[in-house]
Undergrad: 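The structure under discussion is supplied below as structure tokens; questions concerning it will follow.
Sequence lines set the chain letters: A, B, ... in the order given, protein chains first and strands last, and positions in each chain run from 1.
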Number of protein chains: 2
Amino acid sequence: MQTNLEVKKTLVFRDKEYKCGIEVTLAVIGGKWKAAILYHLAQQTMRFSELQRYFTNTTRKMLTQQLRELERDGLVHREVYPQVPPKVEYWLTDEGRSIKPILDLMCEWGVGHAEK
Amino acid sequence: MQTNLEVKKTLVFRDKEYKCGIEVTLAVIGGKWKAAILYHLAQQTMRFSELQRYFTNTTRKMLTQQLRELERDGLVHREVYPQVPPKVEYWLTDEGRSIKPILDLMCEWGVGHAEK
DNA sequence: CAGTATCCCACAGGATACTG
DNA sequence: CAGTATCCTGTGGGATACTG
């Protein structure tokens with residue numbers, strides 16, 4: 001007996017091996033705030049301070065870190081406007097927008113599950 | 001200016017507050033192996049040793065732990081057959097099956113993302 | 001405003017051994 | 001077969017302070 005997955009080849013993503021796409025997806029959006037960040041940016045472009053205003057329980061460091069990782073993974077674009085005071089905006093790339101259906105489903109399911 | 005999320009009420013799930021459904025969903029399936037376990041059980045009922053055979057990089061302890069948490073969260077049913085040697089089967093509850101569309105999307109997206 | 005730089009710790013997850 | 005029981009470690013994430 002074997003499952004569908006057992007016949008699939010392993011995936012490689014950033015030098016690590018994954019046995020199925022789900023693991024890759026979790027590696028990308030599994031961070032504590034990442035999915036929520038993406039969900040927000042899916043609604044609109046935001047600058048750093050706006051994200052900070054929403055994620056009041058998060059430190060600047062964590063926000064920065066998670067945003068950089070999302071940028072590295074190609075989901076988020078970071079635009080720095082060379083001015084004083086600094087202005088940095090974040091928005092989703094095409095790749096980032098491609099994950100929106102998942103986020104929408106996750107949001108919906110989570111709301112339903114919490115109600116029980 | 002505010003996003004859709006900022007006008008929503010917070011969700012409560014297992015005595016913790018969450019600002020959106022996504023966070024709840026991640027709290028449930030965000031464990032290192034949980035999503036993959038659910039994905040497998042969505043294909044078929046499996047006994048512990050079968051899961052172990054697939055998750056070769058996971059310890060018994062971790063498998064047990066994650067399965068118990070999924071059981072506690074109402075996604076997985078654990079059936080113990082009182083016999084020697086013991087036999088324990090796991091399968092998804094209705095609630096567990098309700099998350100399958102998300103898993104399918106995550107799997108698909110992950111495969112696509114890894115290819116780049 | 002939008003970040004680094006340090007220092008720190010809890011806890012998720014792992015290794016190994018034992019058991020009904 | 002399907003687990004516990006112990007002990008241990010890495011690192012994800014936090015607190016605080018400094019900066020271009």
Side-chain angles (χ1 to χ4, degrees), chain A residues 1 14-19 22-23 25-38 40-41 45-73 76-91, chain B residues 1 14-19 22-23 25-38 40-41 45-73 76-91:
Chain A
M1 147 151 63
R14 277 199 262 115
D15 298 332
K16 285 189 185 169
E17 288 208 346
Y18 298 88
K19 295 187 115 178
I22 288 180
E23 295 174 22
T25 304
L26 276 183
V28 174
I29 69 168
K32 192 168 181 181
W33 314 97
K34 286 184 185 174
I37 290 173
L38 290 172
H40 271 72
L41 293 181
T45 291
M46 295 179 82
R47 44 192 299 190
F48 190 80
S49 54
E50 289 170 341
L51 285 166
Q52 240 187 293
R53 210 168 303 136
Y54 179 73
F55 292 97
T56 48
N57 294 328
T58 317
T59 58
R60 270 187 299 278
K61 174 195 159 188
M62 283 317 302
L63 260 186
T64 304
Q65 199 177 95
Q66 309 254 310
L67 283 165
R68 290 296 150 81
E69 290 176 15
L70 290 171
E71 190 189 2
R72 179 200 58 193
D73 289 335
V76 162
H77 175 82
R78 176 170 178 264
E79 184 74 24
V80 182
Y81 300 91
Q83 60 186 48
V84 178
K87 173 178 171 182
V88 179
E89 286 190 336
Y90 294 90
W91 61 75
Chain B
M1 150 155 60
R14 277 200 262 113
D15 298 332
K16 286 189 184 171
E17 288 207 347
Y18 298 88
K19 294 188 114 177
I22 288 181
E23 296 173 22
T25 304
L26 276 184
V28 174
I29 67 167
K32 193 167 181 182
W33 314 97
K34 285 183 186 174
I37 289 173
L38 290 172
H40 270 72
L41 293 181
T45 291
M46 295 179 82
R47 46 193 300 192
F48 190 79
S49 54
E50 289 170 341
L51 284 167
Q52 240 187 292
R53 210 167 304 136
Y54 179 74
F55 292 96
T56 47
N57 294 327
T58 317
T59 59
R60 270 187 298 276
K61 175 193 160 190
M62 284 316 302
L63 260 187
T64 304
Q65 198 177 94
Q66 309 255 312
L67 283 165
R68 290 296 150 81
E69 288 177 15
L70 290 171
E71 189 188 4
R72 179 200 58 193
D73 289 335
V76 162
H77 175 82
R78 176 170 179 266
E79 184 74 25
V80 181
Y81 300 91
Q83 59 185 50
V84 178
K87 172 178 170 181
V88 179
E89 286 189 335
Y90 295 90
W91 61 75

Undergrad: Rounded to whole angstrom units, what separation is found between the CD atom of A/Gln83 and the P atom of C/dC1?
TA: 12 Å
Undergrad: Which nucleotide, in any strand shown, forms a Watson-Crick or G-U wobble pair with C/dA5, with both distances under 3.5 Å?
TA: D/dT16
Undergrad: Checking base pairs now: Watson-Crick or wobble, both atom distances under 3.5 Å. What partners D/dT11?
TA: C/dA10
Undergrad: Could you tell me how far apart B/Leu63 (CG) and C/dA15 (P) are, to the nearest whole angstrom?
TA: 13 Å
Undergrad: Would you give the length of the straight line joining atom OH of A/Tyr18 to atom CD of A/Glu23, rounded to the nearest 0.5 angstrom?
TA: 8.0 Å
Undergrad: Would you indicate, yes or no, if D/dC1 has its OP1 or OP2 atom less than 4.0 angstrom from a side-chain nitrogen or oxygen of B/Arg47?
TA: no
Undergrad: Give the ring-plane orientation class for A/Trp33 versus A/Phe55, where under 30° counts as parallel, over 60° as perpendicular and anything between as tilted.
TA: perpendicular
Undergrad: With ring centroids as reference points, do A/Tyr90 and A/His77 lie under 6.0 angstrom apart?
TA: no
Undergrad: Tell me the interatomic distance from B/Glu69, atom CD, to C/dA12, atom P, rounded to whole angstroms.
TA: 8 Å
Undergrad: Using a 4.0 Å heavy-atom cut-off to protein, can you give one letter per nucleotide of nucleotides 3-15 of chain D, 5' to 3': B if the base is in contact, S if only the sugar-phosphate is, - if neither?
TA: BS-BB-----BBB
Undergrad: If you measure from CG on A/Leu51 to CZ on A/Arg60, what distance do you get to the nearest 0.5 Å?
TA: 13.5 Å
Undergrad: Given 3.5 Å as the limit, does a donor-acceptor pair link the side chain of B/Lys19 with the main chain of A/Tyr54, or not?
TA: yes
Undergrad: Checking side chain to side chain donor-acceptor pair (under 3.5 Å) against B/Asp73, which of B/Lys34, B/Arg14, B/Arg68 comes through?
TA: B/Arg14
